[in-house]
Each structure stands twice: as C-alpha cells, then as structure tokens.
Number of protein chains: 2
Amino acid sequence: MNATQSTRRTVLLVDDHAMFRTGVRAEIADAVEVVAEAADVDEAVAKVLELRPEVVLLDVHLPGGGGGEVLRRVGHRAPETKFLALSVSDAAEDVIGTIRSGARGYVTKTITGPELVAAIGRVADGDAVFSPRLAGFVLDAFAGSIEVAQVDEDLDRLTEREREVMRLIARGYAYKEVAKELFISIKTVETHVSSVLRKLQLSSRHELTRWASDRRLI
Amino acid sequence: MNATQSTRRTVLLVDDHAMFRTGVRAEIADAVEVVAEAADVDEAVAKVLELRPEVVLLDVHLPGGGGGEVLRRVGHRAPETKFLALSVSDAAEDVIGTIRSGARGYVTKTITGPELVAAIGRVADGDAVFSPRLAGFVLDAFAGSIEVAQVDEDLDRLTEREREVMRLIARGYAYKEVAKELFISIKTVETHVSSVLRKLQLSSRHELTRWASDRRLI
DNA sequence: CGCAAGATCAGGGTCGTCACCGATGGTGTG
DNA sequence: CACACCATCGGTGACGACCCTGATCTTGCG
C-alpha cells in the first residue's frame, strides 16, 4: 500500500508469448521496472542469476519444463528473488505444484494491471498473493495433506512387488541392498526394475528417482 | 475491496478475554454484525453450530484446547464458515498449526480495526489473509522446507558448487545432464561428486540420494 | 487341463559410475 | 610472493546398472 515510489521494484517478465509480455509490460511499466524478459526456462534461469530481480513474473506453462522448473533450478540460488506465478490456468495441480516449487504467489491472467502491480508489491514485501478462488486450493492442500489428485495411472499398472522395488530404488538403494532387503536375488531385482522402467517409460534408475521425487513418492 | 454493505457479514467472536472482545466488537461493529461471543472452546463449538456465522474470529490460545481444537471439532461440520485466527502470537508453530487445522487466515492483534474489517471481508470471500511476515511461514512450510533448522555440519562443509551438483545428482540427473545444466564438462561433475561423496562419507550416488532424501533436501 | 501372468533366477553384453592418478587457472590470505 | 582452496578438465580401470534372451515355479481362470 505504501511502498517506495522512488526506487521501483525490479521485475523479470517470463512468458513464451511475446505479445503477452508486451501487454503486461505496458500495463505495469509505469509502476515497476521491467529489467528484462525471458521466453523459456533456460533464458529465465540465466536472467534471474544475472540480474537478480526482486520479483519474477512467471508463466506456468513454458517451453523447457514449465515455470516450476525455473523455480527448482534457481530458486535456491536466488534467495532474495520472489516468484509470482502468472498463468491462464486455475487448475489445482498447477497452483499447488507451483507453490510447492517455491512460488510466493499465484494469480491468473484475468488480473488487471493495477491489481498486478499491487500483487508485485505485496510479494516483494514478503507477503503471499493469491486470487481468491486459488487461496482455497493452497490451504486445502496444506491442511488436508490430501496430496491433491495423485491418481497416477502409470503407478497403478505396476504390480505390488514392482512398487516395493521401485520405492527402494528411488530412495537410493543399490540392487544388492534391495535384494537383501526383500530376500530375493539381484537378478530378480534387475528384472523388476526393468519392468518398472518399461511400464513408466523411463530409461534409467536415475530418471526413476526424479520421477518419484517429482511425485513425492519418496 | 468492494463487498456488500447492505448485508453485513455475520461474525462470531471467540476470545477468553472479555475486555478484548469488547474492544474488537467496538472496532468492527459498524461494518460487520457480531452475532455472538464465546470465551472457550466448548462455547465456541456450540455457537458455531447454532448460529452458522460467515466468519469466526478465533483466538489461538484458548481455554479447553486452543483455537485449533475448535477448528478440528466443527470445521468440517460448518463448511460455509470461514475461520480467521486472531492472535498475539506470531510464532511459526502457532501459525502453521492453525492453518493445518483449517483456518483461512491468521492475523496478529496488532492489526487495526479497519484492517480487521477488510480481512474479515476477504476471508468471507474465500481469500486467504495473512500478515506479511506470516505468509512466509506458511509457504515455507508448504514448500516442504520446514526442517530448515537442519543445519547439517556436513552440508556446510560442501562448497556452493558442490551443493548444486549434489542436489541435481540426488534428484536423479545423470552426470551428462548435470554437466549440460551447469555448463561444465562431465569430468568436472565427476570431480564434484567425488568431493561430495568423500565429505559426506558416502560411497555412491545412490547413497547420496538416500542421504538427501532422508534430509528432505530434494 | 491348458494358458496367462507374476515372481523368481542365469548368462552375456554395453554403458554409466566412481576412484585414483594427474593437470591448469583463479582467488583470497598470511 | 608462497600457499591453500576452489573450479575446471583428462586418462585409466574396476565395478555396478541395465538390457536381452532365455528359464522354472506358482497361482488363478475359463
């Protein structure tokens, strides 16, 4: 509400649509300083590290992995930078996922220019900003620890034994350790792992780790 | 911001200090309708079920179990009622705990009358309301980094670069992918990984995954 | 009973992982 | 200016991960 008008907020604008970036910039340029724009994940990562903006306006659906990927890659390396997700989507998965990655706010693109400026200011001050409907998602997920709708069809296709092996592998157990843990031979572990990788369409145990990590299965 | 001025919000005021209730009522009575007051958990539970107020102003420290107890007992039975915690405490445990129980907002008693009225309106509209400093607690906790107090001496001994590499390896990235990600050669990645494994006294990338997994670093 | 599917195991091969050896250049510090 | 520390690379070799192609045994089902 008060804020400083002399030193304007520095903002990085990340969206894959140039026209949208132009529109946003026109709407907020009077109140904040748009120091740069980025059109994909790699570009966004580089610009954040280079310019250290106070706030990053981040589109959720982005070439190269999405806005969440940007957060995972530079969020920890730019602790002073706040991320405000700006998306067309109001789907619970997108909202929750983005917040889990570390975003400080999430507003939809139906927002008006002045509202966006206010949101940027609040996020920069350390507050959290959500469109009214979206705040419910976050608090529900947090309070209910329901884990959203993790109905993974891929996971259902695994057999019980395969899921056991998968969990241990994803947590970093060596084949030998899994074998000892489950009282089976290394060769059997290999077979199960191969089945899991094939069913999940992955190509290595490392990808499996990332897959499980992304889904909070470990 | 807009809200309806004709049909005023119905509010239940819960606090064990009569004088404080009187003060709050005086501050907000012009803008909202305080339909009742309650001084302890049992009374609050009964009033909520009887009167179905739109918003419950809930003190966190309350005789009979605290504000969280009220939420756990009637929150699910009064889905239309929103709970706004109003407390002297700004301790992270209180904030997180109350939100976990289902509160839609949390403000400290340093708030002014008009601000409280605005907060009541926002909560009633489905928005989440937090004092700026408190929002950080909630999102940090939600993002899974509650255990930040895990000042691992081992982790401190890693260099910045080593931590970056470690994080990616633990998440399942192949050496090749880490190299590409950090713009360095595979050989350098190997060197860093070796340093990390030696410093953490681990013997493989898989043990590193488990190590990081156990510490919620990924 | 015939048959499918899951769990168990082996041999053999490719490729990534990791340690041990070495090297260079940049940085900060006594 | 030495000296330590860090980040960056290269070679070699042993070992594990992973795939492919087999196999036996049990369980459930029409």
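We name chains A, B, ... by the order of the sequence lines, and we start the count at 1 in each one.
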Worksheet item: Considering heavy-atom distances to DNA chain D, does Ser204(A) or Glu162(B) have its closest nucleotide positioned more toward the 5' end?
Response: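 With Ser204(A) and Glu162(B) compared, the 5'-side residue is Glu162(B).
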Practice prompt. Map Glu190(B) and Lys176(A) onto DNA chain D by nearest heavy atom, then report which one ends up closer to the 5' terminus.
Written response: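 Here Glu190(B) is the residue nearer the 5' end.
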Using a 3.5 Å cut-off and no angle test, enumerate the donor-acceptor pairs between side-chain atoms of residues 23-36 of chain A and protein atoms at least two apart in sequence or in another chain.
| from | atom 1 | to | atom 2 | distance (Å) |
| --- | --- | --- | --- | --- |
| Arg25(A) | NE | Glu37(A) | OE2 | 2.7 |
| Arg25(A) | NH2 | Glu37(A) | OE2 | 3.2 |

Return the value, rounded to whole Å, for the distance between atom [atom1] of [X] and atom [atom2] of [N].
X	N	atom1	atom2	value
Ile184(A)	dC25(D)	CD1	C1'	16 Å
Leu197(B)	dG16(D)	CG	C1'	14 Å
Tyr175(B)	dT8(D)	OH	C1'	16 Å
Lys199(B)	dA7(D)	NZ	C1'	12 Å
Leu208(A)	dC18(D)	CG	P	9 Å
Leu202(A)	dC18(D)	CG	P	11 Å
Phe183(A)	dT8(C)	CZ	P	12 Å
Arg163(B)	dC6(D)	CZ	C1'	13 Å

[X] near the nucleic acid: base, sugar-phosphate alone, or nothing, with a heavy-atom cut-off under 4.0 Å?
X	value
Ile186(B)	nothing
Thr188(B)	base
Thr191(B)	base

Worksheet entry | Pair Arg167(B) + Glu164(B), salt bridge at N-O below 4.0 Å |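 Looking at Glu164(B) together with Arg167(B), the answer is no, because their closest N to O distance does not fall below 4.0 Å.
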Worksheet item: Do the charged groups of Glu177(A) and Lys180(A) touch, with an N to O distance under 4.0 Å?
Response: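 The answer is no: the pair does not qualify as a salt bridge.
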Any side-chain N or O of [X] below 4.0 angstrom from OP1/OP2 of [N]?
X	N	result
Ser194(A)	dC19(D)	yes
His206(A)	dG16(C)	no
Thr159(B)	dA7(D)	yes
Arg161(A)	dA7(C)	no

Fill in: Any donor-acceptor N/O pair under 3.5 Å between dG11(C) base and Lys187(A) side chain
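Indeed there is one.
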Worksheet item: Distance only, no hydrogens: is a donor on one side chain within 3.5 Å (strictly under) of an acceptor on the other, for Thr188(B) and Ser185(B)?
Response: yes
Worksheet item: Which of the following nucleotides, dA17(D), dA7(D), dA7(C), is nearest to the side chain of His192(B)?
Response: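 Of all the options, the side chain of His192(B) is nearest to dA7(D).
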Discussion item. Under a 3.5 Å distance rule, please check whether Glu115(A) uses its side chain to pair with a backbone N or O of Ile111(A) as donor and acceptor.
Written reply: no
